[in-house]
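Note that this is a predicted model, so its numbers are computed, not measured.
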Amino acid sequence: MVGRKRREVWSTAETEVLARTLLRAPSVHNTQPWILEFDPDRLLLVERRDLTLPEHDPLGRDRVLSCGAALANLEIAVRVLGYEPRTETFPEPDRPEVVASLAPGERAVPSAAELHRYSAIERRRSYRRRFSGRPVSPQRVGELMVTAASAGVEAKPIRDELELTRVAELLEFAAEAHQHDHGYQRELALWTIRDEVSHRHGVGLAATALPPGSLPWAGLVRPSTALPDSAVLMRRLAEETLLVFLTLDDTRHDHLAAGHALQTTWLDAVDGGLVGSVLTQPLHLPEVRSALCEDLELAGFPQALMRFGYPSGAVPASPRRAIDELLGRGF
């Protein structure tokens with residue numbers, strides 16, 4: 001009965017659009033921690049709590065952030081298919097893993113902005129290399145801040161010299177802590193794909209997407225990462241556009257909203273010719289997160305740091321799960 005009803009609501013071609021769009025969402029360590037379920041008259045985005053990163057993400061904050069990014073993609077897919085999505089977050093108290101439900105509302109022609117974001121989904125990559133050096137205009141930064149604010153999240157630029165100096169000091173502290181954390185390094189190695197030729201589908205961080213080098217370009221810290229001192233790091237940060245995404249509270253609702261805003265902002269950046277990457281691992285050290293709030297006088301909880309710039313070259317796409325792994329109950 002459920003399967004018949006699903007085919008009445010979503011055709012096979014529409015289901016493939018929904019699934020492929022969802023698969024392209026960014027996620028922590030490229031774990032893709034979600035399943036798409038089909039209820040008779042709605043879609044359910046389900047968090048996969050079996051995919052844990054106890055060293056990197058002990059509280060599951062990044063996992064919910066990832067689900068928020070997936071939700072942004074899913075809403076865009078529904079709009080491109082010609083429906084106004086009716087979204088409800090955490091709709092089932094007895095199933096807290098259901099982070100959102102989407103029901104197709106009235107028929108509606110997608111806006112130009114929605115079509116541009118949809119086009120950017122396939123082109124978005126995590127760009128962990130050095131940018132070209134071409135500056136991002138203040139107007140463009142302001143537009144990205146407006147995009148985040150439209151999702152109820154503040155994206156604060158970090159550009160003052162004193163702020164950049166303090167951020168550099170905190171990133172240096174976090175990098176040293178993670179570099180010498182054997183549990184963290186084992187977990188990172190476990191989720192790194194070495195044989196990319198035979199590992200075209202699935203999960204994990206492609207080794208070629210993590211070029212050797214020092215922070216902040218590589219993002220993830222390994223034993224071989226050459227860590228610059230805070231003064232060098234500050235000069236490198238000054239060459240980039242750095243935004244910190246803030247929420248008023250620190251609940252699962254806030255984490256989901258932050259991921260949604262982050263992905264929407266990222267897609268607008270890609271549509272404008274920019275590339276970016278996300279830094280969350282420093283924020284999992286309580287002393288770094290609290291110091292960032294205090295020293296930068298942040299009016300909220302920092303959920304992610306994101307760096308933007310113009311590319312200096314192309315990067316390959318990360319592997320993705322097969323569609324059958326994504327689709328859950330009711331398919």
Side-chain angles (χ1 to χ4, degrees), residues 25-28 61-62 65-66 68-69 72 117 120 124-171 174 215-220 233-250 254-284 288-289 291-311:
S27 60
V28 55
R61 187 168 69 225
D62 282 4
L65 224 72
S66 302
R117 286 172 182 166
R124 185 211 58 79
R125 305 281 192 274
S126 289
Y127 195 93
R128 296 186 176 93
R129 301 178 181 179
R130 185 177 187 176
F131 298 134
S132 68
R134 174 186 169 190
V136 180
S137 70
Q139 178 183 352
R140 193 73 191 95
V141 174
E143 291 169 351
L144 296 178
M145 294 169 63
V146 169
T147 298
S150 67
V153 173
E154 181 185 1
K156 172 183 166 55
I158 300 174
R159 46 195 170 197
D160 177 85
E161 183 176 349
L162 291 176
E163 291 182 339
L164 287 172
T165 298
R166 187 55 180 143
V167 169
E169 291 170 348
L170 292 172
L171 291 182
L215 293 175
W217 306 321
L220 299 169
L233 184 52
M234 191 280 283
R235 290 197 295 272
R236 292 177 178 177
L237 290 173
E239 297 175 2
E240 306 188 342
T241 294
L242 191 65
L243 299 179
V244 55
F245 283 74
L246 303 167
T247 56
L248 292 178
D249 208 339
D250 201 25
D254 296 285
H255 304 157
L256 192 72
H260 189 289
L262 188 150
Q263 171 66 349
T264 305
T265 305
W266 201 345
L267 294 177
D268 280 3
V270 170
D271 184 59
L274 299 174
V275 290
S277 64
V278 178
L279 302 172
T280 59
Q281 63 272 22
L283 301 178
H284 290 288
V288 170
R289 201 178 188 213
L292 193 68
C293 289
E294 182 176 350
D295 296 345
L296 272 62
E297 299 181 348
L298 301 178
F301 293 84
Q303 304 297 348
L305 293 164
M306 190 157 191
R307 51 189 292 267
F308 290 105
Y310 290 95

Side-chain heavy-atom pair Arg61, Leu283 within 4.5 angstrom cut-off: yes
Glu143 vs Asp268 side-chain heavy atoms within contact, under 4.5 Å: no
Heavy-atom closest contact (Trp266 atom, Arg125 atom, distance): CZ2-O, 3.2 Å
Spacing of Leu267 atom CG and Thr147 atom OG1 [to the nearest 0.5 Å]: 10.0 Å
Student check: side-chain heavy atoms of His255 and Asp250 closer than 4.5 Å: yes
Leu292 side, atom CG; Leu170 side, atom CG - distance, nearest 0.5 Å: 6.0 Å
Non-hydrogen atoms of Gly273 and Tyr310 that approach each other most closely: O-CD2, 3.6 Å
Least distance between heavy atoms, Arg124 atom then Gln263 atom: CD-OE1, 3.5 Å
Selection residues 126-168 - residue pairs positive for ring-ring contact (aromatic ring centres under 6.0 Å, His included), sequence neighbours left out: Tyr127-Phe131
Min side-chain heavy-atom separation Leu256-His260 under 4.5 Å: no
Separation of Leu279 CG from Arg307 CZ (nearest 0.5 Å): 7.0 Å
Distance, nearest 0.5 Å, that separates CD1 of Ile158 from CG of Leu242: 4.5 Å
N/O donor-acceptor pair under 3.5 Å between Ser66 side chain and Val28 backbone: yes
Ion pair check, Arg236 and Glu239, cut-off under 4.0 Å: no
Heavy-atom check, side chain of Leu65 versus side chain of Val278, under 4.5 Å: no
Evaluation steps, salt bridge (charged side-chain N to carboxylate O under 4.0 Å, His left out), between Glu169 and Arg166: CA-CA 5 Å; Glu169 291 170 348; Arg166 187 55 180 143; 3.0 Å; yes
Atom pair NZ (Lys156) and CG (Leu298), whose distance is rounded to the nearest 0.5 Å: 6.5 Å
Flag, side chain of Arg289 to backbone of Pro302, donor-acceptor distance under 3.5 Å: yes
Minimal non-hydrogen separation, Pro157 against Val141, with atom names: CB-CG1, 4.3 Å
Note, Val244 side chain near Glu163 side chain (heavy atom, < 4.5 Å): no
Asp254: salt bridge (Lys or Arg N to Asp or Glu O under 4.0 Å) partners, not counting sequence neighbours: none
Backbone of Ala261 reached by a side-chain donor or acceptor of Thr264 within 3.5 Å: no
Rounded distance [0.5 Å steps], CG in Leu243 versus CD in Glu154: 10.0 Å
Flag side-chain contact, heavy atom, 4.5 Å: Leu274 against Thr241: no
Nearest heavy-atom neighbours spanning Val136 and Phe308: CG2-O, 4.5 Å
Closest approach of Leu171 to Pro282 (non-hydrogen atoms, all atoms of both residues): CD2-CG, 3.6 Å
Sub-4.5 Å side-chain heavy-atom contact between Leu262 and Val153: no
